[in-house]
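As the structure is a computational prediction, the values presented were derived from the model and not from experiment. Numbered from 1 within each chain, the chains take letters A, B, ... in sequence-line order.
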Amino acid sequence: MTTDKSFYVTSPIYYVNDAPHIGHAYTSLACDVLARFKRLDGYRVRFLTGTDEHGQKVEKSAQAAGVDPQAFSDRNSAKFRNLSQALGLSNDDFIRTTEPRHIAACQEIWRRLKERGQIYLGSYSGWYSVRDEAYYAEGELVTAPDGEKRAPTGADVEWVEEPSYFFKLSAWQQPLLDYYAKHPDFVLPQARLNEVMSFVKSGLQDLSVSRTSFRWGIPVPEDPAHVMYVWLDALTNYLTSVGFPDTKTDDYRAFWPADVHMVGKDILRFHAILWPAFLMAADLEPPKRVFAHGWWTIEGQKMSKSLRNVVDPIELAKKYGLDQVRYFLLRELPFGNDGDFSHKAIVHRTNGDLANDYGNLAQRVLSLIARNCAGRVPTPGPLDDADNALLGAAHGLLAEVRADIDVQAFHEALDRIWTVVRAANGYVDRQAPWALAKSDVPRMGTVLYVLAETIRHLGLLAQPFMPGVTGKLLDQLAVPADQRTFASIGPGSALTPGTELPKPTGIVPRYVEATP
RNA sequence: GGCGGAGUAGCUCAGGUGGCUAGAGCAGCGGAAUCAUAAUCCGUGUGUCGGGGGUUCGAAUCCCUCCUCCGCUACCA
């Protein structure tokens with residue numbers, strides 16, 4: 001399908017100093033659902049993910065591991081690439097900040113900012129701990145019993161100054177506030193925009209955007225003693241992927257400004273304040289939306305290395321099934337909220353919603369057809385009110401789900417689809433096609449046709465969330481590959497009576513506890 | 001401390017520009033059915049809508065106040 005509609009969604013680039021965990025998977029899956037939905041809805045889509053590889057932490061971790069930072073980054077970046085594969089992500093690009101294309105983009109952004117007088121050389125001063133190799137903010141310091149200021153780690157701190165380039169962030173306070181006012185949906189959930197605005201209102205200071213204290217970063221053009229501040233480096237990846245600094249390319253024109261930057265709530269500020277400020281200062285357009293989602297606890301506990309409860313998403317997918325994990329993460333809680341991931345919850349949720357409601361609906365309908373209609377799509381007769389009500393609900397779903405997806409309300413979208421799943425199960429019981437098989441065969445055909453059409457829609461619409469399960473469902477309805485986009489929603493692409501169907505098999509297994 | 005959000009059935013939440021007998025899912029209880037993955041369907045909630053006060057013919061929904069919880073309050077990412 002050709003179209004002039006385009007959609008650009010990004011995950012953050014993940015820091016190679018971390019091991020992939022459920023939080024990374026969550027962000028990426030949300031992006032993936034958006035990307036898949038928009039593709040099915042006729043958009044030209046670009047979904048970007050990747051890894052963030054510069055910074056003092058990486059430099060130090062590499063040192064500790066006895067390898068050079070590039071080798072360290074190569075190794076850990078590969079873990080995130082594997083994660084994308086294991087999750088079945090449909091990303092169109094995987095960017096690494098150590099790639100030449102990205103270094104070029106960053107240096108060009110820098111030049112632009114410099115030319116436009118947005119960056120100046122000054123000196124960065126602050127409380128520095130030699131032992132921790134880190135600066136601390138005034139507020140973080142603690143006063144020791146002897147009256148001396150100490151780092152929160154207890155280390156000695158000293159007041160030091162180093163030369164640094166600064167970005168005139170202070171100049172963008174009002175333009176940012178104007179931008180927020182003009183784009184009230186720039187940050188979602190809305191409560192997060194309030195936080196961002198109050199932060200900006202409280203006053204912005206110029207930002208140190210270069211460092212001389214370590215080397216693992218992108219050299220500042222014409223002053224290679226400095227490397228760029230990691231966030232200026234990292235955020236620019238969103239531009240790199242669409243071809244920047246070449247703003248004339250097809251990709252750049254189609255995809256910039258980005259439609260959604262999906263981020264965890266911890267990095268919202270960088271995306272909602274620094275990033276639009278950098279862009280405006282470079283005379284580039286700010287993104288259309290930043291969505292800040294919440295965090296998962298594990299069995300009621302915060303995930304942490306020390307608790308050793310860090311969940312490997314690949315293991316989860318192996319244990320529960322990839323589509324089950326996808327469904328659970330996006331259905332269990334309002335997107336944006338924090339939630340708890342527990343074994344009990346995912347089993348309850350997926351057995352109840354997926355196996356019992358969704359999978360079993362498909363199975364009962366398909367096997368009724370297999371047994372009573374010689375395995376062919378039945379021929380419908382006249383439709384009564386009950387038939388029209390169910391079909392109408394199925395046909396009307398797209399518009400409603402689309403509205404939910406457009407504000408990243410994944411849980412609402414799924415809830416809405418499930419109202420039709422439940423309605424369909426109720427319809428099966430009330431119509432009792434197994435009884436009609438003995439009393440009124442033509443009516444039975446109508447009922448089963450209505451049901452087949454209904455599950456076709458339920459299959460089409462759930463594709464972004466569960467590509468595997470829905471693929472099996474659509475296969476069993478003999479829906480051709482080219483009739484699986486949302487263009488096939490509605491009666492225009494209805495199943496053709498008489499079409500031969502494959503033998504039905506279950507599409508979603510129940511999770512059965514291993515008996516000890 | 002400052003700013004912001006939230007407190008609604010056992011659980012998770014929706015509603016909230018004031019006005020149908022306050023809703024959904026799950027759990028529980030009762031029943032039906034037997035096509036299906038022992039899956040499904042139907043029925044069932046006397047809830048102080050956090051407490052108190054106020055405005056109003058009428059408030060979960062507006063105002064005041066109190067209590068509780070949560071988030072944000074910049075340069076490791």
Side-chain angles (χ1 to χ4, degrees), chain A residues 12-18 52-58 60 124 126 132-140 164 166-167 169 189-211 214 229-234 264-270 273-274 292 294 331-334 337-340 345 348-349 351-372 411-412 414-415 418-419 421-437 444 447-448 451 504-512:
Chain A
I13 43 176
Y14 301 120
Y15 203 47
V16 289
N17 209 39
D18 299 327
D52 181 13
E53 310 185 3
H54 291 128
Q56 191 169 25
K57 274 194 183 179
V58 173
K60 285 168 76 175
Y124 182 71
D132 298 344
E133 294 185 49
Y135 280 93
Y136 292 100
E138 188 81 39
E140 287 181 282
S164 171
F166 281 83
F167 170 67
L169 183 58
Q190 208 178 48
R192 296 286 170 196
L193 179 62
N194 293 339
E195 293 178 5
V196 168
M197 286 175 70
S198 79
F199 183 89
V200 174
K201 277 181 192 157
S202 74
L204 296 178
Q205 290 166 20
D206 289 352
L207 181 78
S208 164
V209 287
S210 76
R211 297 293 135 93
F214 63 94
Y229 173 53
V230 282
W231 273 110
L232 177 53
D233 171 345
K265 62 185 182 181
D266 56 326
I267 55 172
L268 171 62
R269 188 200 303 146
F270 303 100
I273 299 173
L274 290 191
R331 174 62 241 262
E332 183 67 359
L333 50 99
N337 289 14
D338 290 343
D340 184 54
H348 184 260
R349 179 60 83 181
N351 276 355
D353 293 0
L354 293 186
N356 297 352
D357 290 347
Y358 191 90
N360 185 53
L361 171 67
Q363 181 73 3
R364 65 199 304 211
V365 169
L366 290 165
S367 48
L368 280 163
I369 291 173
R371 177 150 352 98
N372 298 299
H411 63 296
E412 301 258 14
L414 286 168
D415 190 46
W418 256 253
T419 62
V421 173
R422 282 189 287 271
N425 271 319
Y427 174 91
V428 178
D429 278 40
R430 280 187 296 278
Q431 300 296 328
W434 52 90
L436 292 171
M444 177 202 72
V447 165
L448 292 180
L451 282 167
T505 58
I507 58 169
V508 196
R510 284 177 65 78
Y511 182 92
V512 181

Point-to-point distance, once rounded to the nearest 0.5 Å, from [atom1] of [X] to [atom2] of [Y]:
| X | Y | atom1 | atom2 | answer |
| --- | --- | --- | --- | --- |
| Arg211(A) | His54(A) | CZ | NE2 | 15.0 Å |
| Phe199(A) | Leu268(A) | CZ | CG | 11.0 Å |
| Gln431(A) | Leu451(A) | CD | CG | 8.0 Å |
| Leu361(A) | Tyr427(A) | CG | OH | 12.0 Å |
| Tyr14(A) | Glu53(A) | OH | CD | 14.5 Å |
| Ile369(A) | Leu448(A) | CD1 | CG | 5.0 Å |

Checking [X] side chain against [Y] main chain: does a donor-acceptor pair fall under 3.5 Å?
| X | Y | value |
| --- | --- | --- |
| Ser164(A) | Ser210(A) | yes |
| Asp415(A) | His411(A) | no |
| Trp231(A) | Phe270(A) | no |
| Asn351(A) | Tyr511(A) | yes |

Tell me the interatomic distance from [X], atom [atom1], to [N], atom [atom2], rounded to whole angstroms.
| X | N | atom1 | atom2 | value |
| --- | --- | --- | --- | --- |
| Leu207(A) | rA77(B) | CG | C1' | 14 Å |
| Tyr229(A) | rC76(B) | OH | C1' | 9 Å |
| Asp353(A) | rA39(B) | CG | P | 14 Å |
| Ile369(A) | rC35(B) | CD1 | P | 16 Å |
| Asn194(A) | rC70(B) | CG | C1' | 14 Å |
| Asn17(A) | rA77(B) | CG | P | 11 Å |
| Leu268(A) | rA74(B) | CG | C1' | 13 Å |
| Leu354(A) | rA36(B) | CG | C1' | 16 Å |

Taking only the side-chain heavy atoms of [X] (C-beta and beyond), determine which of [options] contains the nearest atom.
| X | options | value |
| --- | --- | --- |
| Trp434(A) | rC3(B), rC35(B), rC75(B) | rC35(B) |
| Leu204(A) | rA33(B), rA74(B), rA77(B) | rA74(B) |
| Lys57(A) | rA74(B), rA36(B), rC76(B) | rC76(B) |
| Ser208(A) | rA77(B), rC35(B), rC75(B) | rC75(B) |

Its dot-bracket string being built from Watson-Crick and G-U pairs below 3.5 Å, with | for another strand and [ ] for crossing, RNA chain B has the pattern ((((((((.[[[[.)...(...]]]].(((((.......))))).....[[[[[..)....]]]]])))))))....
Touch check for [X], heavy atoms < 4.0 angstrom, all strands: base, sugar-phosphate only, or nothing?
| X | answer |
| --- | --- |
| Ala191(A) | nothing |
| Gly294(A) | nothing |
| Arg349(A) | nothing |
| Asp52(A) | sugar-phosphate |
| Val365(A) | nothing |
| Leu366(A) | nothing |
| Ile267(A) | nothing |
| Arg331(A) | nothing |
| Ser202(A) | nothing |
| Phe199(A) | base |

Considering only the [atom1] atoms, how many Å lie between [N] and [M], rounded to the nearest integer?
| N | M | atom1 | result |
| --- | --- | --- | --- |
| rG10(B) | rG5(B) | C1' | 26 Å |
| rU37(B) | rA77(B) | C1' | 46 Å |
| rA14(B) | rU8(B) | C1' | 10 Å |
| rC29(B) | rC66(B) | C1' | 39 Å |
| rC62(B) | rC20(B) | P | 15 Å |
| rG71(B) | rC26(B) | C1' | 28 Å |
| rG47(B) | rG30(B) | P | 23 Å |
| rG2(B) | rG45(B) | P | 46 Å |

Do [X] and [Y] have side chains that approach each other closer than 4.5 Å (heavy atoms only, starting at C-beta)?
| X | Y | answer |
| --- | --- | --- |
| Arg364(A) | Asp429(A) | yes |
| Asn372(A) | Pro433(A) | no |
| Asn17(A) | Lys60(A) | no |
| Asn356(A) | Arg510(A) | yes |

At less than 3.5 Å, do the side-chain atoms of Asn356(A) and the base atoms of rA39(B) form a donor-acceptor pair?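 It does not, because no donor-acceptor pair links the side chain of Asn356(A) to the base of rA39(B) below 3.5 Å.
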Quick one: which protein N/O atoms are closer than 3.5 Å to N/O atoms of nucleotides 41-45 of chain B? Pair and distance per line, please.
| from | atom 1 | to | atom 2 | distance (Å) |
| --- | --- | --- | --- | --- |
| rC41(B) | O4' | Asp429(A) | OD2 | 2.7 |

Using heavy atoms to find the nearest nucleotide of RNA chain B for Pro433(A) and His348(A) separately, return the residue whose nucleotide is more 5′.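 This one resolves to His348(A).
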Between Leu361(A) and Val428(A), name the one whose nearest nucleotide on RNA chain B is closer to the 5' end.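 Its nearest nucleotide lies further toward 5', so the answer is Val428(A).
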Would you say rA39(B) has OP1 or OP2 under 4.0 Å from some side-chain N or O of Arg510(A)?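 So the side-chain polar atoms of Arg510(A) do come within 4.0 Å of the phosphate oxygens OP1 or OP2 of rA39(B), strictly under.
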Lys/Arg-Asp/Glu bridge criterion (N-O < 4.0 Å) met for Lys57(A), Asp52(A):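 No, no charged N to carboxylate O under 4.0 Å.
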Using nucleotides 9-14 of chain B, report all nitrogen or oxygen pairs with the protein that are shorter than 3.5 Å.
none

